[in-house]
Amino acid sequence: MGREVAESCVDSVVIEMVSAYCSRLYSTHPEIAARRIEAIGFQVGHQLSERYTMERPRFSDHLEAIKFICKDFWSELFKKQVDNLKTNHRGTFVLQDNRFRWLTRVSYDPTPANSDVSPASDPSQVVDKAAQATSMHLYFPCGIIRGALTNLGIPCAVSADISNLPACSFVVRIKV
Amino acid sequence: MIVCVAVVGHQNNPLYLQSFTEADDALKLHHIVHCSLDVIDERVNNPKKTGPTLNETFLGLLYPTENYKVYGYLTNTKVKFIMVTTDLDVRDVDVRNFFRRFHSAYVDAVSNPFHVPGKKITSNTFAQSVRAIVKSFGSSTAV
């Protein structure tokens, strides 16, 4: 029996989690905050992969597991599949989502009204700061992917790349 | 009647082991479970090349002993479920059904945020639901 939760609640929890770790718990150590958020994602992915791989045959190779992440897993999480999957056939996979759901409501604030931005800062710095804040939101999905794949027996490293919002690509490097 | 069920992690570490007999034969049952791990390894590493059963989670009858039948199940996450029964006339569909319910009970147990992955399952709720599943297995075959 599946129980459902409103999407806005999930959005709020994710945003609040990121902001709590970044600005309250580890405001001076962004790299520790990132690692903590990634670890939470790892656990979530670990548990979800167990549930979503029920009732399906075992995967015979890495590509099949990655395809599962792109299709079924992504559909369960974001109600859509990954738009593009690229691989170099040597253990690196790029999963591109042209409209990543958790980034659709992220926007830059071009006016340096925030007190933590010094008035002298130029717009490029503001954009830089915003990109940094956005990238903080991507450690959680990265952790989810890594947790799911690790539970399926594929140790890997996952990083995210945001060159043009709201498109987002996740780079999976399988450890051999 | 099911006399023993076990959950074994991907490194062959026991996660849950429970026998359901009055007699003092838990050790013997644990030994049977232990032996069946080798059979599972063998099945997985040398799969029979027969279409539909290839890579299926349900591994079927692992091996029959004099008094018991041992069935196995391997999830996508390399967790093994083992079931030992004294019934000699078991229908495959019943066993599949049992493992499906057992798997969902397991998934619920490991989704508990306080469960540490790779550690033994200590949840009481899990133990209870396993007991219920085991009990219903006996009744459904009796009908």
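Every chain is numbered from 1, with letters handed out A, B, ... down the list of sequences. This is a predicted model, so every value here is computed, not measured.
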Q: With a 4.5 angstrom heavy-atom cut-off, could you sort out which part of A/Q43 is near chain B: side chain, backbone, both or neither?
A: side chain
Q. Just wondering, more than 12 heavy atoms not from B/K120 lying within 6.0 Å of its NZ?
A. no
Q | B/F58 reachable from B/M83 in the ILVMFWY side-chain graph, under 4.5 Å edges | A | yes
Q. Counting distance only, does the side-chain N/O of B/N76 pair as donor-acceptor with the main-chain N or O of A/F59 below 3.5 Å?
A. yes
Q: Give, as side chain, backbone, both or neither, the part of B/D108 having an atom under 4.5 angstrom from any heavy atom of chain A.
A: both
(Q) Testing A/H46, A/R58, A/E50 one by one against B/T77 for a side chain to side chain contact (heavy atoms under 4.5 Å, CB included), which residue passes? (A) A/E50
**Q.** NE2 on B/H10 to CG on A/L152, rounded to 0.5 Å
**A.** 11.5 Å
Q. Do the side chains of A/L149 and A/F42 join up, straight or via other hydrophobic residues, at under 4.5 Å, putting them in one cluster?
A. no
Q) Where along residues 5-17 of chain A does a heavy atom come under 4.5 Å of chain B, listed by residue number? A) none
**Q.** Residues that B/Y71 engages under ring pair (Phe, Tyr, Trp, His ring centres under 6.0 Å), provided they are two or more places apart
**A.** none
Q: Decide if atom CZ of A/R99 counts as having more than 12 heavy atoms of other residues, nucleotides or ligands within a radius under 6.0 Å.
A: no
**Q.** Over 12 non-hydrogen atoms of neighbours within 6.0 angstrom of NE2 in B/H30
**A.** yes
Q: Using a cut-off of 6.0 Å, state whether more than 12 heavy atoms not belonging to A/Y139 lie near its atom OH.
A: no
Q: Identify whether A/I154 and A/L63 are in the same connected component of the hydrophobic contact network (ILVMFWY, side-chain heavy atoms under 4.5 Å).
A: yes
Q. Can B/V39 be reached from B/L59 by stepping across I, L, V, M, F, W or Y side chains whose heavy atoms are under 4.5 Å apart?
A. yes
Q | Nearest-0.5 Å distance that lies between atom CG in A/N151 and atom OG1 in B/T75 | A | 7.5 Å
Q) Honestly curious: do A/V94 and A/L85 fall in one hydrophobic cluster under the side-chain, below-4.5 Å linking rule? A) no
Q: Report the C-alpha distance between A/Q47 and B/S111 in whole Å, list the side-chain angles of each, state the deciding distance to 0.1 Å, and finish with yes or no for side-chain hydrogen bond (donor to acceptor under 3.5 Å, both in side chains).
A: CA-CA 5 Å; A/Q47 294 170 348; B/S111 295; 5.0 Å; no
(Q) I need the minimum non-hydrogen distance between B/R100 and A/M54, along with the two atoms involved. (A) O-CE, 4.3 Å
